[in-house]
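Everything on this sheet refers to the single structure shown next.
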Amino acid sequence: QVQLVESGGGSVQAGGSLRLSCAASGYTFSNYCMGWFRQAPGKEREGVASIDIDGSTSYADSVKGRFTISRDNAKNALYLQMNSLKPEDTAMYYCAADRFCYYSVYLWKYWGQGTQVTVSS
């Protein structure tokens with residue numbers, strides 16, 4: 001019943017920007033922590049950013065200052081504004097939801113299908 005659908009991925013040159021969206025349904029969106037994760041080929045999935053029910057945010061050091069996570073509870077939507085993109089940001093980006101903002105990626109309960117972000121130099 002829970003469904004998370006990412007969109008907004010694509011190809012962009014280094015230094016460019018993308019805005020990812022995650023449309024959520026099937027649960028009480030406002031009661032869940034939401035997060036963005038990414039996985040590059042040959043690497044483990046890693047946390048990018050999360051936003052809790054009170055609006056508090058957390059970012060990976062690698063994206064802090066460049067990415068901004070936000071949520072619109074009225075629209076059941078999660079966003080990730082990505083600026084100053086670097087080739088190392090290239091990955092499949094996933095939206096996730098859970099009752100808690102777990103540090104470990106594998107503790108998150110609900111996941112979207114992912115959207116590809118490719119940053120060229």
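The structure presented is a predicted model; accordingly, all values stated were derived computationally and were not measured.
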On a heavy-atom basis, the closest approach of G47 and A60 is O-CB, 3.5 Å

Does any N or O in the side chain of W108 come within less than 3.5 Å of the main-chain N or O of M34, such that one atom is a donor and the other an acceptor? no

Please examine the side chains of S58 and Y103, heavy atoms only from C-beta on, and report whether any two atoms are closer than 4.5 Å. no

Is the side chain of R71 donor-acceptor paired with the backbone N or O of F29 at a distance under 3.5 Å, no angle test? yes

So for atom CZ, which belongs to R99, do other residues, nucleotides or ligands contribute more than 12 heavy atoms lying within a distance under 6.0 Å? no

Heavy-atom side-chain contact between W36 and C95 under 4.5 Å: yes

Sub-4.5 Å side-chain heavy-atom contact between V117 and L20: yes

Can you tell me how far the SG atom of C22 sits from the CG atom of L80, to the nearest 0.5 Å? 10.5 Å

Once you round to the nearest 0.5 Å, how far does OG1 of T115 lie from CZ of R38? 14.0 Å

Students often mix this up, so state it plainly: with edges at 30° and 60°, are the rings of F37 and W111 parallel, tilted or perpendicular? tilted

Assess whether side chain to side chain contact (heavy atoms under 4.5 Å, CB included) is satisfied between Q113 and V5, documenting all intermediate values. CA-CA 7 Å; Q113 84 290 346; V5 181; 4.1 Å; yes

What one should report as the nearest heavy-atom pair of V48 and Y93 is CG2-CE2, 4.2 Å

pair K109-Y32: side-chain heavy atoms closer than 4.5 Å: no

Specify the closest pair of heavy atoms between G35 and I69, including all atoms of both residues, with the distance to one decimal. CA-CD1, 4.4 Å

Non-hydrogen atoms of C33 and I53 that approach each other most closely: N-CG2, 4.1 Å

Close side-chain approach of L85 and F67, heavy atoms under 4.5 Å: yes

Quick one: CG on N76 to OG1 on T28, what's the gap to the nearest 0.5 Å? 8.5 Å

Are the side chain of D54 and the backbone of S56 linked by a donor-acceptor contact shorter than 3.5 Å? yes

Quick check on E88: does its CD atom have over 12 non-hydrogen neighbours (other residues, nucleotides or ligands) under 6.0 Å away? yes

Ignoring hydrogens and geometry, is there a side-chain-to-backbone donor-acceptor pair from E6 to G114 under 3.5 Å? yes

Give the ring-plane orientation class for Y110 versus Y27, where under 30° counts as parallel, over 60° as perpendicular and anything between as tilted. parallel

Do R45 and Y106 meet the cation-pi criteria used here (NZ or CZ under 6.0 Å from the six-membered ring centre, within 45° of the axis)? no

Could you measure the distance from the CZ atom of F100 to the CG atom of L107? Nearest 0.5 Å is fine. 11.5 Å

Do S17 and N83 have side-chain heavy atoms sitting under 4.5 Å apart? yes

Heavy atoms only: give me the nearest T90-A40 pair and the separation to one decimal. O-CB, 3.7 Å

